[in-house]
Every structure is written in C-alpha cells, then in structure tokens.
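Worksheet: one structure, shown below.
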Amino acid sequence: MFARNPLFQTPNFRMILKEFFQRRSALNLLVIINIGVYISYLLFRGIMSLIAFLMNSNINEVVMNRVIQLLSVPASFETFISQPWSIVTSLFFHISFWHLLFNMLMLVVAGRIFNQYLNEKKLILTYLIGGIAGNLLYQIAYQTFPVFQEALPDSMAMGASGSIMAILAAITVYRPRHELFLFLIGKIKLQWIMLIFVLLDLISIPGGNAGGHIAHLGGAMYGAIYSSLLLFQPSKIKKKKKKQKFYTSYTSSSDRPISDEEYNTRKKEKEMKIDTILDKISKYGYEALSKEEKDFLFFASKK
C-alpha cells in the first residue's frame, strides 16, 4: 500500500547525489566550489606532508601556515592591503571537515528556501556581498575596540558562515513566517530561527571566536537590509497606487477581459496552491512532490 507512495519510499542516496551534480544551479555551484577548495587544500597538505617526510624537515608546516594566511581574511588592514583577494577567497575556504559540513548543510537549507521566493542571481550576490560585509564588520570591530588590539596582528577569518547568515537573514525578512520542520522540535518559523542565531552570536562574542561571530552578524545585517530594500522598492509602491478599485481589465488565458474580483480570486487560489506545495516540501522534501506540482512550482517561480 505504501510502496507506491513517494512519502514512504527510502531515498536513493546515489540518485540524490546524481541529481545534485547534474542539476545546474547557483546553489549547487556554491556548494561544489566550497567542497572543491577543501579537497584541494587536503591534497596539497598531503603532498607537503610527504615532501616534509622525505626531506626530514618541517617545511609542510611553514608552507601550509602561509597558504592559510593567504586565503583567510586578516583583521589587520595593513596585512589586508597586501592580500586584498582574501576578502573573497575566505568565503570558500575551510580547513576543518566539521566546519565545512555544518556550513554546507546550512547553505543547502537556507539556499533552497531562498530560491523558492527569489532567483539564483540574487542568491549569488547575497552570498558574495553578504560574506564581504561580514568580513568588513569583523575587520572594523578588531580595528576599533581595544579588547581586540592584542589579537589584531595575528587574527584572521575563514569560512562561509557570514555568507550563509546573509542568505538566511534575507529570506527571513522576505518571508518571516515560512516554516521549517526540525527534528524533535517540529514546525518553527524562520523568524524565530533567525532570532536564535543572532542572539547566540551576540552572547558568544566574549566567549571565543569573536571574529567569526561578528562576521556572522555583519552578514545578517546585510541580508536583512538587502531584503528590506527588495520589499519596499519604489517601483512596487507605484504599481500598487496605480491599481484601480473597480473592474480593471486583465487578460486571461482565453484573452477575455476579467474583473478585479475574478483576478483576485484566481490569484488567491494560486497563492494557496503554492503555500500547500511549499508546506509539503518543508515536511517531506522536494522529492515528495508529483511531476504536476514540480512543474507548477517551476513556472510559478518564473513569473
């Protein structure tokens, strides 16, 4: 009885990976770049370890420390001037597997929600500019506050966390009531998830990894501001003012003019169907959708 129902089928991990790498999307590209940089780092570290072993020296430590310094963004502006590329390379650079894994899981979750409401171009811009904003706030904080002066010369930051926080904040401001189903917790709205992350970052600054938490907040600030600007664009406000109250002419698929009442009814039905599909995705995943539902969601996102 349940074998034919996609909600009760065990996901084929090989098929999931195949679909992930075959599907061309901005989100997949960002994940692949992050993983690719990490694998390249591991391979290079392995080669240097072999060379150091054969030469009976510690050259691998010297070289790898230099690589990390060049790819991570420094807190010191004086050091940053000599390696300006690091403000971007640091957004894709991880040296810890668990750091990479957690960030990529967060990126996939936040990125998929982002793509349901906004487009892939905005996703890439939010990732890059949000991450850069986080790095800049980190640098400014370390240059400004006396408590960081001792750590300033040697402090550096790396990882996609600031970029991911920008994406999460952007979609939270855009759709704060979107619900996620969390294991052992149940449904929870994005606005509460974002609030918890921000509070955790704020109270964690005195504890440790202050630069990372500050970069998270910088990314979140950018994402919130960017999404707010999208919601309150002057062009959208003008369009709303131009709407007439009674029997404005709209064109249906049959080229027959329809009234405001008919238009609003159809619009409401479409929005309800989209909400139902998104709710199904949040509960059971995208693969649980039927072909009709996938096609409907695809064409709705293009309009």
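What you see below is based on every heavy atom in this structure, not just the backbone, and it leaves out hydrogens, waters and symmetry mates. Note that the coordinates shown come from a computational prediction; the quantities given were computed from them, not determined experimentally.
Residues satisfying the side-chain contact (heavy atoms from CB on, under 4.5 Å) criterion with Thr89, sequence neighbours excluded, are Leu71, Trp85, Ser86. Ser96 is linked by a side-chain contact (heavy atoms from CB on, under 4.5 Å) to Trp98, His99, counting only residues two or more places apart in sequence or in another chain. Partners of Phe53 under the side-chain contact (heavy atoms from CB on, under 4.5 Å) rule, at least two apart in sequence or in another chain, do not exist in this structure. Every side-chain contact (heavy atoms from CB on, under 4.5 Å) that Ile196 has, sequence neighbours left out, goes to Leu200.
For the pair Leu118/Leu123, no side-chain contact is recorded, criterion being any heavy-atom separation below 4.5 Å from C-beta on.
Residue pairs meeting the ring-ring contact (aromatic ring centres under 6.0 Å, His included) criterion with at least one partner in residues 198-229, sequence neighbours excluded, are His213-His216, Tyr222-Tyr226. Each ring-ring contact (aromatic ring centres under 6.0 Å, His included) pair with one or both residues in residues 123-146, not counting sequence neighbours, appears once here: Phe92-Tyr127, Tyr138-Tyr142, Tyr142-Phe148.
When every heavy atom of Glu120 is checked against every heavy atom of Ser25, the shortest pair comes out as OE2-CB, 3.1 Å. Closest non-hydrogen pair, Ile205 versus Ile214, comes out as CD1-CG1, 4.0 Å.
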Given side chain to side chain contact (heavy atoms under 4.5 Å, CB included), test Leu195 with Gln191 step by step and report yes or no. CA-CA 6 Å; Leu195 179 62; Gln191 58 190 4; over 6 Å; no
What's the verdict on side chain to side chain donor-acceptor pair (under 3.5 Å) for Ser204 and Asn209, showing C-alpha distance, side-chain angles and the deciding distance? CA-CA 8 Å; Ser204 299; Asn209 188 26; over 6 Å; no
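Residue Met221 qualifies as open at atom CE: its count of foreign heavy atoms under 6.0 Å is 12 or below.
The ring of Tyr41 has its center no closer than 6.0 angstrom to the ring center of His94.
A donor-acceptor pair under 3.5 Å is absent between the side-chain atoms of Asn58 and the main chain of Glu61, judged by distance alone.
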